[in-house]
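This structure is a prediction, so every number in the text was calculated from the model and none was measured.
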2 protein chains.
Amino acid sequence: MGRRGRVVLRRIEDRVRRGICFRKRLAGLEKKVEELAVLCDAHVGFVVLSCSGDDANPHHFAAPATHLELLFH
Amino acid sequence: MGRRGRVVLRRIEDRVRRGICFRKRLAGLEKKVEELAVLCDAHVGFVVLSCSGDDANPHHFAAPATHLELLFH
DNA sequence: TGGCCTATAATTAGGAC
DNA sequence: AGTCCTAATTATAGGCC
């Protein structure tokens, strides 16, 4: 994707590239979730527990904040 | 987006258009979640409880299936 | 490592049927 | 309401610093 070729749905073996991809896509996902919630007045939440080989960035998110109680109560 | 103008982050007031947008974006989100999980070997899940004014389509999803236990146990 | 840049791929709103 | 089409926007891999 981006500059070269299409997405191949397969684990990215290189640790560094996998981490970069993880951070970029996580940001994109957060935006999409927020958009779905607001545009469609939906209750949406998502959880990311970890990225393999990257203990530094366990993550958690739900959007928007007012839905948090509903989802994770 | 698409044919006319940019995304405005605001509730779509028209019921029919909101429902269409909901279904399209939900499908897109499922794909993105699946991709994040596989590409980055991450544990990801998301929940959609409802779309306002569309009781027909409460939805639930987590990807991939092997992560379900981890996330919603 | 982390932020910008940008060439491409991917998503999607609206239309047609 | 569902499916296909496609223009136009948006997301993002790889580069660069």
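Taking 4.0 angstrom as the limit, B/Arg17 places none of its side-chain polar atoms (N or O) nearer than this to OP1 or OP2 of C/dA13. Between B/Lys32 and D/dT12 there is a side-chain N or O to OP1 or OP2 distance below 4.0 Å.
If you measure from atom CZ of B/Arg25 to atom P of C/dT11, you get 12 Å, rounded to the nearest angstrom. What separates CG of B/Leu39 from P of D/dG14 is a distance of 11 Å, to the nearest Å. If you take CG of A/Asp14 and P of C/dT1, they are 12 Å apart, rounded to a whole angstrom. If you take CG of B/Leu29 and P of C/dA10, they are 17 Å apart, rounded to a whole angstrom. B/Arg10 places its CZ atom 17 Å from the P atom of C/dA13, with the value rounded to the nearest Å. At whole-Å resolution of the value, CD1 in A/Ile20 and C1' in D/dT12 are 12 Å apart. D/dT12 atom P lies 11 Å from atom NZ of B/Lys31, rounded to whole Å. Protein atom CG of A/Leu36 is 16 Å distant from nucleotide atom P of D/dT10, rounded to whole Å.
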Return the polar atom pairs (N/O with N/O) between nucleotides 1-8 of chain D and the protein under 3.5 Å, or none.
residue	atom	partner	partner atom	Å
D/dA8	O4'	B/Gly2	O	2.9

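Taking 4.0 Å as the cut-off between side-chain N and carboxylate O, B/Arg18 and B/Glu13 do not count as a salt-bridged pair.
Map B/Cys21 and A/Val7 each onto its nearest nucleotide of DNA chain C; the residue landing nearer the 5' end is A/Val7.
Atom CG of residue A/Asp41 and atom CZ of residue B/Phe22 lie 10.5 Å apart, to the nearest 0.5 angstrom. To the nearest 0.5 angstrom, A/Cys40 atom SG is 10.0 Å from B/Arg17 atom CZ.
The shortest non-hydrogen separation linking B/Leu39 to A/Cys21 is CD1-SG, 4.4 Å.
Residues meeting the side chain to side chain contact (heavy atoms under 4.5 Å, CB included) test with A/Arg6, sequence neighbours left out: none.
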Using side chain to side chain contact (heavy atoms under 4.5 Å, CB included), reason through B/Glu34 and B/Glu30 one step at a time and then give a plain yes or no.
CA-CA 6 Å; B/Glu34 169 91 15; B/Glu30 288 183 352; over 6 Å; no
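A/Val16 forms part of a hydrophobic cluster together with A/Ile20, judged by ILVMFWY side-chain heavy-atom separations under 4.5 Å.
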